[in-house]
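Step one of this worksheet: look at the structure below.
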Amino acid sequence: MSCISFITALKKFDEEFGPIQRSALYSWGANAVPVYAISDELYTYAGLTTLEGVKTGRDLKFKTSSPLINDLIKQALPKISTPLVGFINSDIIILEDFADKIAQIVLKYGPDIFMTGTRYQIKLPYEVDSPESYARIQGEERRIYDEMSSADIFIASKEFYAKMADAMPNFIMGRYAWDNWIHTYAEINIKEKYNCTKVLPTLHCVHSIEHIERQEGLPGRRAPSAVHNIRLYEGTFLRYGSSRINKWPYVEL
């Protein structure tokens, strides 16, 4: 039985995101990780619990159904029975030894640590939907992304997540700056924080961000919801600067 559950948001299927998300879900299922998510799609993933009534950007009058991260976490936590929680983006493939390594980390460091890791970029030339394709994707060429301040997985105890969700402003998932805020919050509020990039590599399936412009009429950082997130982070950045997760101690097994 897994000692970690994932919280995420699943985008609506299309030609690009469908194969990416199904591939990510396959890897999570291969590790028997329960998943709690807001979703507009019906999935066959046995470990998925769909969350209803989570607030989204539309509740803040933006043209996006991406969830508010704090409310997503608050809605998920009461349903989770595992001691650890991972907040993860839905385009992230984990490796076949992920669950085993999580158990080893807990034995060595205890359950009250905070971990985050930088993703490795990969192209997804085929859908991961079998043991063979899962093994194959783990051998594809990969390259590290921004080692200083970008992450796509955040692992901590349920208790830490409950406190963080209460403190978190209304960041919209899938836009900018919320990951930087989480890093700074962890740096300030928890002693045992680690970089898990080397021990728990995560594979990010490269994709476009054209969906932001389709939803809101402006691209990337210029989209109203992105501007909203960046403004929420400004006060934290001006006071504390940007946390550099590559300066944190690395998890060792």
Side-chain angles (χ1 to χ4, degrees), residues 2-9 20-21 23-28 30-31 33 35 69 73 82-124 128 134 137-158 160-161 164 168 171 173-174 176-207 242-253:
S2 175
C3 65
I4 188 170
S5 299
F6 284 168
I7 301 174
T8 193
I20 288 174
Q21 289 184 140
S23 296
L25 279 167
Y26 185 93
S27 74
W28 304 350
N31 282 270
V33 178
V35 177
I69 297 172
I73 293 171
T82 56
L84 289 182
V85 174
F87 191 84
I88 189 169
N89 282 320
S90 63
D91 51 9
I92 298 296
I93 293 173
I94 59 175
L95 304 193
E96 58 190 356
D97 58 358
F98 179 92
D100 291 339
K101 285 187 174 178
I102 286 288
Q104 293 174 44
I105 290 169
V106 171
L107 284 175
K108 181 174 180 178
Y109 292 90
D112 297 321
I113 66 173
F114 176 90
M115 294 184 288
T116 190
T118 301
R119 70 194 187 220
Y120 290 82
Q121 300 281 75
I122 64 165
K123 294 181 179 179
L124 189 71
V128 176
Y134 186 33
I137 199 66
Q138 294 174 70
E140 295 286 355
E141 181 180 356
R142 65 179 82 160
R143 60 180 179 83
I144 196 74
Y145 190 59
D146 172 11
E147 295 182 81
M148 293 191 298
S149 60
S150 181
D152 287 76
I153 189 168
F154 309 83
I155 299 170
S157 67
K158 286 181 65 177
F160 176 87
Y161 265 100
M164 187 183 75
M168 179 181 280
F171 284 112
M173 192 173 179
Y176 296 86
W178 60 268
D179 52 345
N180 306 98
W181 185 92
I182 291 177
H183 294 154
T184 302
Y185 181 85
E187 195 157 63
I188 295 168
N189 290 283
I190 191 166
K191 182 179 179 181
E192 299 293 324
K193 50 190 174 291
Y194 295 89
N195 188 312
C196 62
T197 302
K198 298 176 182 178
V199 170
L200 297 172
T202 54
L203 308 181
H204 173 255
C205 303
V206 178
H207 56 79
S242 180
S243 298
R244 295 290 185 250
I245 61 174
N246 60 335
K247 302 298 183 183
W248 293 5
Y250 282 82
V251 174
E252 295 181 357
L253 290 179

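Because the structure is predicted, anything quoted here is derived from the model rather than measured.
For Lys193 and Phe114, the positive end is not near the middle of the six-membered ring at less than 6.0 Å and at most 45° from its axis.
Aromatic ring orientation, Phe171 versus Trp181: tilted (interplanar angle from 30° to 60°). Between Phe6 and Phe98, the ring-plane angle classifies as perpendicular under the 30° and 60° cut-offs.
Side chain of Thr118 to backbone of Ala151: no donor-acceptor contact under 3.5 angstrom is found. Using modelled atom types, one side-chain atom of Trp28 and one backbone atom of Ile92 make a donor-acceptor pair closer than 3.5 Å.
Separating the CD1 atom in Ile153 from the CZ atom in Phe87 is a distance of 11.0 Å, to the nearest 0.5 Å.
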Step-by-step ring-ring contact (aromatic ring centres under 6.0 Å, His included) determination, Tyr185 to Phe160
CA-CA 11 Å; Tyr185 181 85; Phe160 176 87; 5.7 Å; yes
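At least one side-chain heavy atom of Ile94 sits under 4.5 Å from a side-chain heavy atom of Ile88.
Applying the 6.0 Å contact sphere to NZ of Lys108 captures more than 12 heavy atoms from other residues, nucleotides or ligands.
Closest of all the heavy-atom pairs between Leu95 and Asn31 is O-ND2, 3.1 Å. What you find for Cys3 and Ile102 is that their closest heavy atoms are SG-CG2, 3.2 Å. Considering all non-hydrogen atoms of both residues, Thr116 and His183 come closest at OG1-NE2, 3.5 Å.
Side-chain N/O atoms of Ser5 and Thr82 include a donor and acceptor closer than 3.5 Å. Side-chain contact check for Tyr194 and Glu192: at least one donor-acceptor pair (N or O, by modelled atom type) lies under 3.5 Å.
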